[in-house]
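What follows is a set of notes on a single structure, which appears directly below.
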Amino acid sequence: MEGSLSLLIIIAIAAGVFARVIANFFRVPSIVFLLIFGVALGGNGLNLVQPRLLGDGLEAIVSISVALILFDGGLNLQLKELGKVSASLRNLITIGTLITLIGGGIAAYWLSEFPWTIAFLYAALVVVTGPTVINPIVEEVGLDRRLATILEGEGVLIDAIGSVLAVVVLDVALNPTSSAFAVVSDLGLRLGVGGVLGAIAGWLLGKFLQRAAFLAEDTKSAVVVAAVLGLFGIAQEIQSESGLTAVVLMGIVLRASEIPNSRALLKFKSQLVALMVSVLFILLSANLSIPSIFALGWGGVQTVLFLMFIVRPINVIVSTWNSSFTWRQKAFLSWCAPRGIVAASVASLFSILLTERGVNGGESIKALVFLTIAMTVFLQGLSAKFVAKLLGLNQPDISGLVVVGSNPIGILVARLFQANGQRVALIDTSADLCKQAAEYDIPAFVSNGLDAKSLAEAGLDSVGTFVALTINTDVNIVIAQIAAKEFNPPKVFAVYIKEAEGDRNGEPEVQQAFSARVPIKTWNQYILQREVRVGEFLLIEEELEEQLNRFNTMFNSGILLPLLFERKGQLQIVSADMTWEKGDRILYLLYTPKALSPAQREVLPPSTLDITPVVLSDLDIAQKTNDSNGSGSRSKNDDIATSPDYFLKMAKDILNRRSP
């Protein structure tokens with residue numbers, strides 16, 4: 001018996017990991033291959049995995065796994081991101097849950113011919129979506145953060161709510177004489193008790209981890225796991241089925257706490273949960289009866305299709321009625337609602353409970369839930385990228401910029417990105433330099449760029465570009481490598497001197513910003529001395545060769561430094577190995593020494609502007625300024641000389657101007 005159990009667990013782990021490897025290779029949600037492998041290894045296939053051998057242990061494994069999965073989901077949610085979609089998200093997990101419950105129940109009653117109680121129990125089980133299927137889809141498709149946040153938030157929060165709702169409906173199925181008031185109060189009590197316990201436990205755990213400097217990082221992770229399971233057990237004892245709500249709230253509150261080196265904890269938790277999901281889904285799908293799915297007939301398929309094409313769109317339309325989401329975003333929300341591990345886990349448990357209580361329909365509910373999982377994952381999960389592309393939503397979110405180095409060039413680059421409508425942030429160890437940036441509404445963080453926590457606070461996990469622009473080139477490359485390794489933003493730049501390829505020692509690739517050798521300290525000094533002009537030109541096909549020859553001549557002589565370029569409406573940092581294309585709009589700095597005579601100044605390119613560093617002067621930097629469009633009869637030179645917000649006007653002028 002012991003040998004059989006050991007072999008069972010070993011096969012489940014190996015199959016789960018192998019399924020995840022294949023899924024990663026084909027870039028599809030891992031649940032696709034987990035479902036296939038589980039069925040193939042179970043009683044309907046090779047019969048190598050027999051979950052019944054676990055007995056009551058299967059229920060314990062499912063409960064513990066779901067608790068850790070939902071805690072991980074809560075830990076990955078950020079309150080500041082949820083705040084941006086709070087109204088729509090609130091509607092999805094309240095009004096939307098009710099719509100799915102009613103619509104799913106009606107579909108199961110009429111189309112699958114379930115009794116009303118069993119039909120609504122099925123509907124309660126499938127109100128959930130789940131982070132284990134939603135998060136991989138979001139990562140693969142490359143949605144904007146706002147749309148991704150509402151999908152991720154719904155997946156985590158509705159799992160806890162849906163699980164509690166399913167338990168309440170199960171009580172009704174087992175005790176049909178319960179009053180409506182008793183049902184509603186029971187639901188509120190379970191959610192309320194779990195929410196309060198989870199919030200308190202998350203706050204206490206956060207305070208402990210902040211002060212427990214003596215703990216090693218691996219010990220901290222073990223403490224968190226023990227705390228999660230302890231809270232789950234205590235909450236279940238105080239109020240049955242309140243444990244899932246408790247662990248979700250604990251994760252959200254803990255993430256909002258200032259935990260030292262939280263990224264190590266997040267990485268450990270994601271790895272642990274990935275393994276648990278893999279093993280759990282193999283066991284659950286191996287325990288599935290394929291004949292029971294075929295017994296559902298076309299009515300089961302029609303039920304799922306009704307849920308996908310009728311109920312979900314109504315849910316999204318009502319929940320996002322007054323939101324700022326576009327019709328394309330709403331269409332994608334309507335399509336992307338695959339069910340996952342929580343639905344499968346709870347359905348498996350309920351099947352056992354209903355059978356034990358002598359209530360017919362346990363196997364039918366489990367079969368229809370797994371059919372729902374299979375159809376939604378295969379149809380919605382596998383087609384999500386195509387649908388997003390069809391709707392024009394699958395462009396990777398490569399907007400936004402984090403700069404380390406609040407020096408003149410760093411501020412200039414940040415201002416140009418900001419003027420382009422992108423989110424920016426600056427990091428520097430100098431409080432004075434950060435103050436200069438903050439005076440112009442650039443979020444600035446007084447910290448060390450070598451600290452991953454500081455990079456996270458600056459928002460590097462949700463922007464498209466990172467650049468290290470300190471005057472120390474050796475530090476720049478180290479900072480950029482940390483950023484690439486820990487956060488993996490789409491574009492990572494640094495001002496540094498590139499070594500031979502063999503000397504990189506496997507470190508992440510970092511692009512050289514601007515050119516192969518940038519005397520950044522010198523260029524910063526040029527700006528401070530008011531000996532720099534900023535310019536731009538558009539590469540035109542007919543004049544491309546001549547334009548690039550002029551450009552390269554000035555660049556090679558050291559008087560021109562390319563900073564940014566605009567291609568297909570996207571502002572980007574120039575890299576050292578840049579390949580120019582027609583239509584590129586290049587923004588550059590041009591060194592113009594004060595020693596130039598008036599005649600020499602007259603021959604400067606007409607598309608350049610004096611970059612008077614008013615924003616860097618002690619007098620003007622202390623004054624809070626507001627953005628303005630600038631109008632009236634004043635000349636350009638007057639604006640340059642008098643406007644304390646010149647950088648923004650300059651940026652808007654450059655980015656809005658087009659060649660005749």
Side-chain angles (χ1 to χ4, degrees), residues 19-36 69 73 76-77 81 85 88-89 92-93 96 100 126-159 270 274 277-278 281 301 304-317 319-320 323 325-344 369-398 462 464 490:
R20 189 171 288 273
V21 170
I22 295 178
N24 288 346
F25 178 79
F26 288 106
R27 303 182 71 84
V28 298
S30 57
I31 197 171
V32 171
F33 286 99
L34 289 173
L35 183 60
I36 294 173
I69 290 167
N76 286 321
L77 290 180
E81 296 291 343
V85 293
S88 298
L89 180 58
L92 279 172
I93 63 176
T100 305
V126 295
V127 300
V128 301
T129 52
T132 57
V133 284
I134 288 293
N135 292 0
I137 292 174
V138 169
E139 292 174 5
E140 173 63 21
V141 173
L143 301 170
D144 66 82
R145 279 311 307 164
R146 192 159 167 264
L147 188 57
T149 296
I150 195 170
L151 282 169
E152 292 169 348
E154 180 194 20
V156 172
L157 297 176
I158 209 169
D159 269 6
S270 64
V277 168
S278 303
F281 213 89
V301 175
V304 180
L305 292 177
F306 185 85
L307 200 67
M308 292 170 57
F309 292 100
I310 304 297
V311 177
R312 176 64 178 182
I314 293 175
N315 180 349
V316 171
I317 290 171
S319 299
T320 62
S323 71
F325 285 107
T326 66
W327 72 266
R328 289 182 173 84
Q329 292 172 319
K330 292 179 182 180
F332 188 81
L333 283 173
S334 299
W335 178 247
C336 190
R339 273 60 177 182
I341 191 69
V342 173
V369 168
F370 270 87
L371 179 63
T372 305
I373 293 171
M375 289 182 63
T376 55
V377 168
F378 277 87
L379 293 178
Q380 296 177 330
L382 296 182
S383 67
K385 192 168 186 177
F386 170 77
V387 172
K389 183 177 181 180
L390 193 66
L391 294 170
L393 298 175
N394 72 329
Q395 295 299 318
D397 183 13
I398 58 174
S462 60

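Keep in mind that this is a model prediction, so the values were computed, not measured.
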Separation between [atom1] of [X] and [atom2] of [Y], rounded to the nearest 0.5 Å:
{"X": "Gln380", "Y": "Ile134", "atom1": "CD", "atom2": "CD1", "answer": "8.5 Å"}
{"X": "Glu152", "Y": "Ile137", "atom1": "CD", "atom2": "CD1", "answer": "11.5 Å"}
{"X": "Ser278", "Y": "Ile31", "atom1": "OG", "atom2": "CD1", "answer": "10.5 Å"}
{"X": "Leu391", "Y": "Phe386", "atom1": "CG", "atom2": "CZ", "answer": "9.5 Å"}
{"X": "Leu34", "Y": "Ile341", "atom1": "CG", "atom2": "CD1", "answer": "8.0 Å"}
{"X": "Leu147", "Y": "Arg328", "atom1": "CG", "atom2": "CZ", "answer": "13.0 Å"}

Measure across [X] and [Y] and return the closest heavy-atom pair with its distance rounded to 0.1 Å.
{"X": "Val128", "Y": "Ala343", "answer": "CG2-CB, 3.7 Å"}
{"X": "Ser30", "Y": "Ala23", "answer": "CA-CB, 3.4 Å"}
{"X": "Ser323", "Y": "Ser88", "answer": "CB-OG, 3.3 Å"}
{"X": "Gly340", "Y": "Ile373", "answer": "O-CD1, 3.6 Å"}
{"X": "Asn315", "Y": "Gly96", "answer": "OD1-CA, 3.0 Å"}
{"X": "Leu89", "Y": "Gly153", "answer": "CD1-C, 3.7 Å"}

Give every donor-acceptor pair under 3.5 Å between a side-chain atom in residues 331-338 and any protein atom, sequence neighbours left out.
from: Ser334; atom 1: OG; to: Lys330; atom 2: O; distance (Å): 2.9
from: Trp335; atom 1: NE1; to: Ser383; atom 2: OG; distance (Å): 3.0

Aromatic rings Phe26 and Phe33: how do their planes relate, parallel, tilted or perpendicular, breaks at 30° and 60°?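 The rings of Phe26 and Phe33 lie parallel, inter-plane angle below 30°.
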
Any side-chain heavy atom of [X] sitting closer than 4.5 Å to one from [Y]?
{"X": "Arg339", "Y": "Val369", "value": "no"}
{"X": "Ile158", "Y": "Leu92", "value": "no"}
{"X": "Phe325", "Y": "Val316", "value": "no"}

Side chain to side chain donor-acceptor pair (under 3.5 Å) partners for Thr372, two or more places apart: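 Tyr122.
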
For Leu382, check side-chain contact (heavy atoms from CB on, under 4.5 Å) against everything at least two apart and list the hits. Val28, Pro29, Val32, Phe378

Say whether, by atom type as modelled, one donor and one acceptor occur between the side chain of Glu154 and the main chain of Leu151 under 3.5 angstrom.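 Checked: no pair found.
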
